[in-house]
Structures are given as C-alpha cells and as structure tokens.
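Comments concern the structure below.
Both ligands and their constituent atoms are indexed starting at 1 by order of listing. Because the structure is a prediction, the values reported are computed rather than measured.
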Amino acid sequence: MKLICIGRNYAKHIEELENERPEHPVIFLKPDTSILLKKQPFFIPDFSNDIHHEVEILVKINRLGKHIDEKFAHKYYSQIGLGIDFTARDLQSQLKAKGLPWEKAKGFDGAAVISEFVDKAQFSDLNKLDFSLEKNGEKVQIGNTSHMLWKINELIAYASQYFTLKIGDIIFTGTPAGVSRVEPNDKLDGFIEDRKMFSIRVK
Ligand code: ZN
C-alpha cells in the first residue's frame, strides 16, 4: 500500500511557511515503512533538530481506481481517519533550496501517524469537518476541511490521474496552520470534532 500526501492544501499553512500557492495539488508519497506502529512512541530521528507535527485528515481508499471522475470519487472511500505527517523541517528546507525531492524529510521510519478509521457516514458533511491537534493539552492546530484548497473528491480525481489507487491506500489531505517543533516527552492528541483519534508520545 502507499501513502499519498498532499502539500500546501490550506492557505494559512502556505503563508506560515512562506510557500507559493500552487496551481495544482502538491503530491508526495511516503513508504509503508514510515507508518508508526500502533501504541509506539514517536522517536525523534538523530538527523534532524526540527521535527514538526502536521495534523491531517486521512482518507482510506476502498476500491481499485484510475482516472477517477470527481463526481464518482466519493465511491472510492467509506472511512476517514486522522494522522500526523511528521516532517524534518530543517532537512526539508535544505532539500527544497536545492530543488531536491523531500522524501528523506517526510518518509523516514515513524513519520506517518495513522489513527483508526471511522465510517464517513458518521459525519454530516466531510467538507465542513473540524479537526485539531493538542500538544501537551494545548490546542496548537485547528483545522476545518472547508478551508482546503482542493476537497477530498478533487484530490482523489487528481491523484488517480497519476497513480492507480489500490484498496488500503491512504491519502493525507494536507495540514492547516499551527505546525511546530516537537520535543522529547511531548504528548500529541488528535481530534476529529470531539472524538479523540490518537494519542502519541514523543521520545
Ligand atoms: Zn503534510
């Protein structure tokens, strides 16, 4: 399975990193080895001094598809979740400056937190979904999917022009503003609306 990640999908996060607003969705992949195993802490890798949390709504693909039309995209997922796209910001900045791929900064072991998935029918409108991240009990990221530059169905249509989507693939739909560095002993709790989706310890 693959993790398809969307960068720069929230205007305020684009501003906080002083990135350009993209013309098309920015896509990168994480390998399946980046998935943080259940109930394991996240270990800060020794090649970075600036690991950031990026909380993101996840979509799990449940049908094989290629060149999916946006109006049929809703048929390709029945569950959503919440995750963290951990990013070695210092390394990513160096790679970006040289025009090199980001994978080392985004695809390292443990860099993908993935919650349990829940039936999307439990939410009245996926395009108006509140989600948030607490760091040590304080809300640091607050998002609402209405602020996505590209909505879930548009992302599925777009990504499937390039990559065949397979059952079990997961889409990370991009992070809202409020990313910050994590330190050893931090506790990260993720929420969709009032439902706690994960709790992670940083080591
Ligand atoms: Zn991200």
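Looking at His52 and Arg89, their side chains do bring a donor and an acceptor atom within 3.5 Å of each other. If you check the side chains of Thr175 and Gln141, you find a donor sitting under 3.5 Å from an acceptor.
Contact record, Tyr77 with Asn62: N-OD1, 3.3 Å, taken as the closest heavy-atom pair.
Of all N, O or S atoms in Glu56, the one lying closest to the Zn ion (ligand 1) is OE2. The name of the N, O or S atom in Asp85 nearest to the Zn ion (ligand 1) is OD2. Restricting Glu54 to its N, O or S atoms, the one at the least distance from the Zn ion (ligand 1) is OE1.
Phe117 carries Lys60 over the face of its six-membered ring, with the cationic atom under 6.0 Å from the centre and within 45° of the normal.
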